[in-house]
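What you see is a predicted model; the values in this text were computed from it and never measured. Any value given below was found using the heavy atoms of this structure, including those in side chains, with hydrogens, waters and symmetry copies removed.
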Amino acid sequence: MEPSTESTSGDAVAQRLFGAVLGTVDLLSAFLGDRLGWYRSLAEDGPATPPELAARTGTDARYAREWLEQQAVTGLLRLDSDGAADERVFSIPPGTAEVLTDPNSLNFLAPIARMFGAVGPALPRLLEAYRTGGGVSWDELGDDAREGQSDANRPWFERQLAGALAGVADLHGLLTRPGVRILDVGSGGGWSSIALGRAYPAATVHGIDIDQPSVSMAAENARAAGVADQVRFSHGDAADLPADHYDVAFAFECVHDMPRPVEVLTAVRKSLTPGAPLIVMDEAVAESFAPDGDEVERLMYGYSIFICLPDGRSSRPSAATGTVLRPARLREYAQAAGFGSFEVLPITDFSLFRFYRLS
């Protein structure tokens, strides 16, 4: 479908990109407020002047003043009392506090700012990768990216996963069997594994991830959650999984990152008892490519060009899937890995994800 002349005129494109500039400023200023603890201090300790906020958080008062003013101008913070520059009192409205400080809210978006904030230092390496066909791994993006990814999905796993799985009767029945052995491939920060353990206390859960810092983070999260005896994590390649060992496996938002997805899916299939399912959760993108996509498509391509495709190409050989993993391509991977059945599960309204069952 051809874009309309009106939407591609110079004025229209300039207006759109100017709006994107303002959005970028909001996102990066949110990154500062999140990482420096400014939002949390306003939410937990109350309104503050710039010097007060700086003293609370161990930061510089002049920078705090500029940030507070910018946040009030953009509408994320509220000016409670005007006066001299260092005497102005700022507060955080409930909506802003929820979105930028509440890790249990389904509206928590501070982790997204962290993820894209992590892209900034990696831009020179990304440019080189785009020129040469190389890659930039999650490890190179650093803690802001891995923690952002983990924290963004955490509230959905903690608050919605149990109910979503309970709505699939036969899967729920399998998961409730005493002693069921669950594998969580690409477990990241561990919140999916922890949620599975809490939802199914008669199960044992094994999370495995290729990223050692993520495994360490997951183990600490499990200890803090009080499920370390039930939920364990290991660092390694899924290709080394034992055969005929697990009763059900999950792969939450990780297949599209895998350099060799067919090899991993094959290894997972072999690790399952005969006929046992693998549940894949990946992005709920459109069935096929088309220009003028919706906001989900636009966001997923954003993740893909800056994070997931470069990560997928950081190891060779690589399938170079990218974030926009469409159902037909996942079906191809599943068939090549030896799975005979492929279906979309009736789980809806789970963030921006779609669930599949491979068996």
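Partners of S318 by side chain to side chain donor-acceptor pair (under 3.5 Å), not counting sequence neighbours: none found. Partners of E66 by side chain to side chain contact (heavy atoms under 4.5 Å, CB included), not counting sequence neighbours, listed by chain and number: R62, E69. Considering only residues two or more places apart in sequence or on other chains, D102 meets the side chain to side chain donor-acceptor pair (under 3.5 Å) condition with none of them. Considering only residues two or more places apart in sequence or on other chains, D229 meets the side chain to side chain donor-acceptor pair (under 3.5 Å) condition with none of them. Take S105 and apply the side chain to side chain donor-acceptor pair (under 3.5 Å) test, not counting sequence neighbours, and it matches E98.
When hydrophobic residues (I, L, V, M, F, W, Y) are linked wherever their side-chain heavy atoms come within less than 4.5 Å, the members clustered with V344 are L183, V185, I208, L241, Y246, V255, M258, V262, V264, L265, V268, L272, L278, V280, L325, L330, Y333, F339, F342, Y356, L358. Cluster partners of F18, using a side-chain heavy-atom cutoff of under 4.5 Å among ILVMFWY residues and allowing indirect links, are L22. The hydrophobic cluster containing V89, built from Ile/Leu/Val/Met/Phe/Trp/Tyr side-chain heavy atoms closer than 4.5 Å, comprises no other residue. Residue V21 shares its hydrophobic cluster (ILVMFWY side chains chained together at separations under 4.5 Å) with no other residue.
Among residue pairs with one or both ends in residues 321-336, those qualifying as salt bridge (Lys or Arg N to Asp or Glu O under 4.0 Å) are E297-R326; sequence neighbours excluded. Sequence neighbours left out, the pairs with a member in residues 95-134 that pass ring-ring contact (aromatic ring centres under 6.0 Å, His included) are F116-Y303.
The distance between the ring centers of H206 and F233 does not fall below 6.0 angstrom.
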When the side chains of residues 77-87 are checked against the rest of the protein, which donor-acceptor pairs come out under 3.5 Å, sequence neighbours left out?
unit_1 : atom_1 : unit_2 : atom_2 : d
D80    : OD1    : S91    : OG     : 2.9
D80    : OD2    : S91    : OG     : 3.0
D82    : OD1    : R88    : NE     : 2.9

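Screening D143, D144, D151 against R114 for a salt bridge (Lys or Arg N to Asp or Glu O under 4.0 Å) leaves a single residue, D151.
Using bins of under 30°, 30° to 60° and over 60° for the plane-to-plane angle, the ring pair F250/F252 lands in the parallel bin.
Within 6.0 Å of the CG atom in D294, the count of heavy atoms belonging to other residues, nucleotides or ligands exceeds 12.
In summary, D247 and R177 do not engage in a salt bridge, as defined by a charged side-chain N under 4.0 Å from a carboxylate O.
Checking side-chain atoms of D60 against main-chain N and O of Y63 turns up a donor-acceptor pair under 3.5 Å.
Side chains of S187 and D209: no donor on one and acceptor on the other come within 3.5 Å.
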